[in-house]
Amino acid sequence: MSLNPLTRKRLQRFRSIKRGYWSLILLALMLVLALVAELWVNGRALIVRYEGKTYFPTYGAIIPGDTFGEEYKYETNYRALKDRFAKEDRGNWVLMPLVPWGPQDSDFRPGVSHPQPPSGEHTHWLGTDVTGRDVLSRMVYGFRNVILFSLSYTLLTMFVAVVIGCLMGYLGGAVDLIGQRIVEIWANIPFLYIVMIGISLVPADVGTAPRILILLFIMVIFAWTTKAWFLRTATLKEKARDYVASARLAGAGPLRLIFRHILPNTISTLITFLPFTVAAGITALTALDFLNFGLPRPTPSWGEMLHVGLDNKDAQWIVLSAFGGLVSVLLLVTFVGEAVREAYDPRKFTTYR
Amino acid sequence: MNADLTVALTRRRALQLSAGAAAAAFTGCRQEERPFNYKPERAPLPEEAMEFFRRYPDFFVFSSPDKLPADLKWEDGAGVPELGDPAAKKGGTYYQYNPDFPRTLRFIGPDASGGFRKYILDSNALYLTRQHPETLQWYPELAAQWAFDPDGRTIYFKLDPAATFSDGVPVRADDYLFCFYFMRCNYTADLWYQQHYTDTFTRLVKFDDLTIALTMRDKKPDLLYKTSAARPVPVHFYLELADDWQEVYQWKFEPTTGAYEVRSENVDKGRRIVLTKVKNWWAADRKHMRYRFNVNRMSFVTIRDTNKAFEVFRKGEQDIFTMRLSEFWHRKMANDNPLVAAGYVEKAVFYNQIPRVTWGFSINRSRPLLKEKPVRQGIQFAMNWDVVLREVFKGDATRMQTSSDGYPEVTFPDIKTRGFDITAAEKCFMESGFTKRGPDGIFMNDKGERLSFTMTTGYKMFADVLTILKKEAVKAGVEFNLEIIEQTAAWKKSDEKKHDIFFGAKNVSVEMYPRFRETWHSSNAYKEDGSIKTDTNNETQTASKELDALIEAYEKADNMPEIVRLAREMMAWLNDDAAFVPAWVQDYYRVAHWRWMRFPKGFNARTSRDWEEYNLFWIDAEMKEETLRAMKEGRTFPPQIQTFDQWKERQA
């Protein structure tokens with residue numbers, strides 16, 4: 001694939017901004033690690049070797065305890081199983097992930113009181129929260145939730161903004177006029193309140209996944225306005241350019257005009273928005289979770305951890321973890337955002353410097 | 001107080017504690033539509049009320065003193081011991097917080113049964129007579145004397161001639177007559193009170209301005225208790241009752257017979273409300289009142305968040321804080337906390353003897369899968385209370401066994417609720433067609449339906465309890481989806497009977513024997529046309545002919561052995577039916593208080609639900625000054641961590 005020379009230049013420029021570049025790499029790495037979190041932070045074992053057979057419980061359906069000679073039919077407690085196998089010493093073994101706690105697993109072993117400060121002894125590297133769940137595990141899964149949510153939020157917002165902004169700018173006239181008024185009104189509705197009201201109206205029998213989708217949609221509905229505004233202006237500007245007129249003379253239809261000619265030239269304005277939209281998504285979801293209007297409990301979430309942490313300031317490791325995680329991710333995203341903006345700064349490439 | 005439960009003797013919903021303070025402020029902004037004419041002087045009964053009385057000539061009887069039976073044996077509670085501590089110091093301000101600003105100052109009608117009601121009504125206004133919270137004998141409040149009629153349903157009361165409302169107007173028999181009109185007229189339209197004052201009583205006789213007789217529909221062993229709660233409603237305050245009464249009286253404080261009143265200048269809507277001692281309170285020197293109601297002002301600031309309120313307490317801006325939650329008692333205000341170790345803050349546990357608040361789960365039987373008894377029983381078996389009691393309550397609570405624990409005469413140790421038992425749960429679920437576990441370990445039936453239910457609650461402070469139950473229940477193959485929402489929204493949902501499983505608590509009155517109709521009778525579950533009846537306390541939608549018959553017989557029963565027999569039968573039935581999952585009981589309350597807040601020697605009264613109920617505490621201004629000075633200078637006092645278990649119920 002050959003890149004447009006301008007784009008190549010921008011990429012080069014981006015790469016030369018070390019802080020942003022490394023932030024992006026770090027973020028990407030974190031995302032990949034979070035996506036495969038089950039492999040290194042999990043209450044389920046990686047491999048179980050039992051009576052000559054090998055099991056890989058990480059993904060898929062639960063394996064009931066009686067499979068491994070336990071007395072129960074619910075999901076195997078692999079940590080206990082590991083201890084048992086070690087004691088029996090019959091060649092059976094369990095390989096646990098690095099952090100042997102799932103985000104919902106409470107550590108109710110006798111003699112461990114909660115919240116437990118960070119300690120290697122109980123394998124709680126960042127301590128536990130008030131119900132004995134591992135803070136590190138909830139941090140990792142909370143990160144995965146918030147970043148995936150935020151990325152979907154960004155993509156959806158951009159999509160809506162592009163469609164509406166392009167239509168307004170390209171069609172102009174009445175569509176533009178009405179669109180502008182709608183955007184003006186829409187942009188003035190206090191978004192957080194509407195999300196709260198909207199979420200509390202969702203009936204309780206709606207499951208977790210649709211609930212998250214509803215939350216996502218409500219947030220997107222209120223986030224597209226500013227971006228659409230920018231795109232409208234950009235489209236309006238591009239539409240009047242000679243190359244658009246010549247394309248039209250050559251017989252291009254409106255769809256071709258928009259997608260092949262105008263959009264590639266306007267989209268760059270939006271690219272600079274991307275990282276900041278991601279950051280906004282993270283902040284918004286965390287704020288909502290903090291206020292108990294976001295993801296349903298007990299989904300691991302940074303907002304909920306912040307809340308629990310602030311309620312239990314004596315267990316500083318909870319609030320410090322959540323706060324530290326939030327600040328570092330937001331910082332990384334902002335560094336990336338800065339670099340992107342810098343790389344896309346038109347003044348760098350114009351002769352009128 | 002969010003965490004501590006409030007008293008309500010004639011109240012249907014006691015625990016609607018926290019709701020929008022914003023909503024309160026909002027309703028408060030409403031403009032009054034007509035001027036409020038009110039003069040603090042006795043007024044004759046309005047014509048509309050007289051007409052109402054004439055309509056029920058058998059109920060409202062205007063008689064004369066010579067018709068009073070001659071052979072009545074008048075009682076006056078003379079031998080009943082005093083309450084409180086003679087050493088109590090008068091004066092000062094008591095600082096406390098409210099999780100929610102009161103939404104109205106009315107005593108009846110919408111929003112009137114909020115958490116603030118106990119301060120302005122239940123623990124404040126006087127009854128005719130009241131049961132001594134230690135000896136359980138009766139002492140006089142508004143009635144100076146009382147006598148039982150041989151018919152077993154009627155009591156005569158002679159009002160204390162000195163009794164006055166807070167505006168100086170004397171209390172007279174007309175105020176009792178007016179009470180019945182007020183509660184039953186169409187303006188106020190509070191269904192519970194309307195029903196109560198229509199069905200519970202059958203006659204009210206006025207002999208003269210100071211003598212009345214009240215007759216109950218049924219013979220009851222606790223006749224005096226049931227009649228004493230009738231409240232004098234000041235005629236002169238409600239001369240202009242009309243359809244807009246709710247709005248007109250929204251923020252008008254009805255003149256009270258009690259020690260504290262709300263003056264309009266002390267209402268800072270949404271922020272702070274201050275009760276002040278009534279000037280020259282008529283009962284201040286009465287034997288059973290003189291060492292109580294000690295402080296001059298009670299100041300309540302609105303703080304929505306428990307932990308924020310705790311910070312304010314730690315700064316000394318509140319005098320006391322409930323330590324009901326283990327995290328406060330064991331961690332946030334532990335015995336080695338600098339404030340406690342230095343003796344500035346004292347800790348106390350007080351064991352009381354009262355019917356226990358019904359923390360538990362109401363399973364809605366009008367939901368498809370929950371109709372099945374085995375499913376409900378299985379759900380009970382799937383709840384791991386051992387872990388909850390150990391991990392969340394740190395062993396500070398025990399499991400509740402029935403839907404009505406804590407009535408000494410109506411206790412059946414052989415009726416036990418179901419504990420965590422995976423095998424038993426599995427058996428129950430199999431029995432109702434849930435034969436195989438899905439890939440996530442949750443049971444499914446042939447139709448592919450999963451055993452998955454929503455658990456709704458407004459009690460965010462117990463989110464941990466539900467989280468643990470959810471996690472553990474998966475082992476038994478049932479899934480609970482948690483819905484932890486705002487108090488008002490949660491109660492609304494249960495009022496509309498839209499929940500699967502509702503977690504909450506209802507306060508119960510200190511009575512001899514429990515009530516069943518409100519929570520279990522079919523008339524509180526379905527309307528006559530078979531549609532669901534909303535806004536009742538039957539949150540399980542229980543509607544059984546068999547149980548209805550028992551409830552009706554129970555309400556007619558006139559002697560204790562019969563009442564006990566029927567109560568036992570009903571409790572066994574309910575236990576088997578498993579629509580209510582009893583949660584936990586705590587047979588004590590515990591607090592941390594600054595050392596200048598003082599209590600009587602035994603800390604509090606036997607049947608008190610919280611430290612405020614009988615107003616026995618006082619604020620020692622000198623000690624406050626001394627303590628604050630000591631804190632500045634770094635001087636300390638011996639730490640005080642006390643347990644008062646003189647009323648603890650010992651295991652037999």
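Computation of the quantities below employed the complete heavy-atom set of this structure, encompassing side-chain atoms and omitting hydrogens, waters and symmetry-equivalent molecules. Per chain, numbering begins at 1; letters A, B, ... match sequence-line order.
Between the CZ atom in F108(A) and the CG atom in D386(B) there is a gap of 12.0 Å [rounded to 0.5 Å]. Separating the OG1 atom in T299(A) from the CG atom in L482(B) is a distance of 9.0 Å, to the nearest 0.5 Å. Interatomic distance, CD1 of I442(B) versus OH of Y74(A), reported as 13.5 Å (0.5 Å rounding). Within the model, atoms CG of N481(B) and CZ of R211(A) stand 9.0 Å from one another, a figure rounded to the nearest 0.5 Å. The structure places OH of Y72(A) at 9.5 Å from CD1 of I422(B), a figure rounded to the nearest 0.5 Å. Note that OG1 of T306(B) is 7.5 Å distant from CG of D311(A), once rounded to the nearest 0.5 Å.
In this structure, the side chains of S106(A) and E472(B) stay at 4.5 Å or more apart for every pair of heavy atoms.
The candidate with the highest count of non-hydrogen atom pairs below 4.5 Å against chain A, out of D305(B), V465(B), N307(B), is N307(B). With chain B as the partner, the residue from G132(A), P298(A), A315(A) showing the most heavy-atom pairs under 4.5 Å is P298(A). Counting heavy-atom pairs closer than 4.5 Å to chain B, the top-ranked of the candidates R133(A), K313(A), K73(A), E75(A) is K73(A).
In this structure, F393(B) places its CZ atom where more than 12 heavy-atom neighbours from other residues, nucleotides or ligands lie under 6.0 Å away. Heavy-atom neighbours of K436(B) NZ from other residues, nucleotides or ligands within 6.0 Å: above the threshold of 12. In the displayed structure, E71(A) atom CD is contacted under 6.0 Å by at most 12 heavy atoms of other residues, nucleotides or ligands. The neighbour count for Y59(A) OH, taken as heavy atoms of other residues, nucleotides or ligands under 6.0 Å away, is above 12.
Residue contact with chain B, scored on non-hydrogen atoms closer than 4.5 Å, is absent for D129(A). Contacts of K471(B) with chain A are made by side-chain atoms alone, with heavy-atom separations under 4.5 Å and no backbone atom involved. When heavy atoms are compared at a cutoff of 4.5 Å, I468(B) approaches chain A solely by way of its side chain, counted from C-beta outward. Looking at I484(B), both its backbone and its side chain come within 4.5 Å of chain A, counting heavy atoms on both sides. In this structure, chain A has heavy atoms under 4.5 Å from both the backbone and the side chain of D464(B). If you measure heavy-atom distances from K308(B) to chain A, you find no contacts under 4.5 Å at all.
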Give the C-alpha distance, both sets of side-chain angles, the deciding distance and a yes or no for side-chain contact (heavy atoms from CB on, under 4.5 Å) between K460(B) and N292(A).
CA-CA 9 Å; K460(B) 286 181 196 159; N292(A) 200 22; 3.4 Å; yes

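Applying the side chain to side chain contact (heavy atoms under 4.5 Å, CB included) test between E327(B) and each of V130(A), D314(A), N312(A) identifies N312(A) as the sole match.
Between G441(B) and I62(A), the shortest heavy-atom contact is CA-CD1, 3.4 Å.
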